[in-house]
Amino acid sequence: MRATVMFGAGDVRVENVPDARLVEPTDALVRVTRAAICGSDLWPYNQMQQDEAGRRMGHEFIGIAENVGADVRTVKVGDVVVAPFLYSDGTCVFCREGLHTSCLHGGRYGADDVDGGQGEAVRVPEADGTLVVLPVGEDDALMPSLLTLSDVMATGHHAALAARVAPGKTAAVVGDGAVGLCGVIAAKRLGAERIFLLGRHPDRIALAKEFGATEIVSERGDEAVERVRELTNGFGAHSVLECVGHDEATETALGLVRAGGAVGRVGLPQHQAIPTTLKTFFDNVTISGGPAPARAYIEELLPDVLEGRINPGRVFDRVTDLDGVPDGYRAMNERAAIKVMVTF
Ligand SMILES: [Zn+2]
């Protein structure tokens with residue numbers, strides 16, 4: 001079969017790889033019908049050391065179960081399924097607490113003999129705990145929005161929960177990528193009264209407004225902090241969704257937050273330390289977040305997608321086939337595309 005393999009920074013290729021197949025009785029073999037390129041795929045795209053063994057890429061996909069292992073109960077051949085960006089058993093102590101990202105038997109795609117999602121098929125371990133069967137056909141018009149449940153919409157929702165968005169609150173979203181835009185959707189969905197988006201790209205701003213952003217802050221760094229304070233009687237935002245991960249974004253997020261407020265971090269941190277200050281201590285600021293337990297949130301968000309209350313699939317502004325994936329990486333890296341969907 002064919003799949004996306006990264007060999008080093010800027011070096012992504014579509015290669016022939018061994019066919020995906022069942023290994024464990026708890027596996028499902030999923031033929032991929034839709035996949036996506038993630039902002040987090042751009043970190044290795046910019047930094048990976050050259051490695052001729054390569055790394056299989058992709059962790060956001062929807063597909064059709066082509067075969068299931070003998071112990072699989074909830075997925076049957078022919079089901080249309082969405083996969084969260086990590087697999088998990090659904091039964092361990094952490095899964096039962098809704099924290100599937102800490103699953104004792106979980107893991108990630110593209111590692112340890114598990115296929116990546118940007119390819120023709122994937123062996124999905126722990127299929128019962130991982131996959132969610134979708135009540136739609138494989139070419140349903142909702143596919144782009146359903147695909148965001150595997151990562152970006154779930155991650156935006158996680159940021160909003162970690163930032164304690166609630167009715168009447170003011171939220172600020174740092175980051176105008178797909179996760180930040182989904183964070184706007186999530187903040188609105190949870191009842192935020194005002195939603196600031198920090199961004200300056202006209203196409204992203206237009207989408208953010210459509211999703212519910214009430215004010216756009218196009219300044220950066222200290223000036224952005226000042227602007228948000230001006231807009232909030234000098235106090236800052238109750239809830240700050242940090243959707244980037246680098247130090248400047250983290251510092252901005254911590255600067256924007258109001259005393260007693262919360263910062264929800266979902267951008268993959270590029271440094272080990274939170275650039276925290278005495279101010280966040282004396283202001284009783286909560287700093288929370290991490291990888292989203294997408295498996296838990298898929299079930300929560302799915303009705304809103306199916307009934308059209310949220311439309312996160314709008315973040316896909318480019319569609320390609322598998323051969324176009326290397327170009328898709330280039331486009332996202334150059335910020336010429338917000339997010340790329342791959343169809344098979
Ligand atoms: Zn588990």
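Residue numbers count from 1 along this sequence. Atoms within each ligand, like the ligands themselves, are counted from 1 in listed order.
Figure legend: cation-pi geometry between Arg55 and Phe7 absent, as NZ or CZ is not positioned both under 6.0 Å from the six-membered ring centre and within 45° of its axis.
A donor-acceptor pair shorter than 3.5 Å cannot be found between the side chains of Asp176 and His201. Residues Asp71 and Thr26 have side chains that never bring a donor and an acceptor to within less than 3.5 angstrom of each other. Between the side chains of Tyr329 and Gln118, at least one donor-acceptor pair of N or O atoms lies under 3.5 Å.
Other residues, nucleotides and ligands contribute only 12 or fewer heavy atoms inside 6.0 Å of the CZ atom of Arg220.
Within the protein, the number of N/O/S atoms found under 2.8 Å from the Zn ion (ligand 1) is 4.
Phe196 is linked by a ring-ring contact (aromatic ring centres under 6.0 Å, His included) to nothing, counting only residues two or more places apart in sequence or in another chain.
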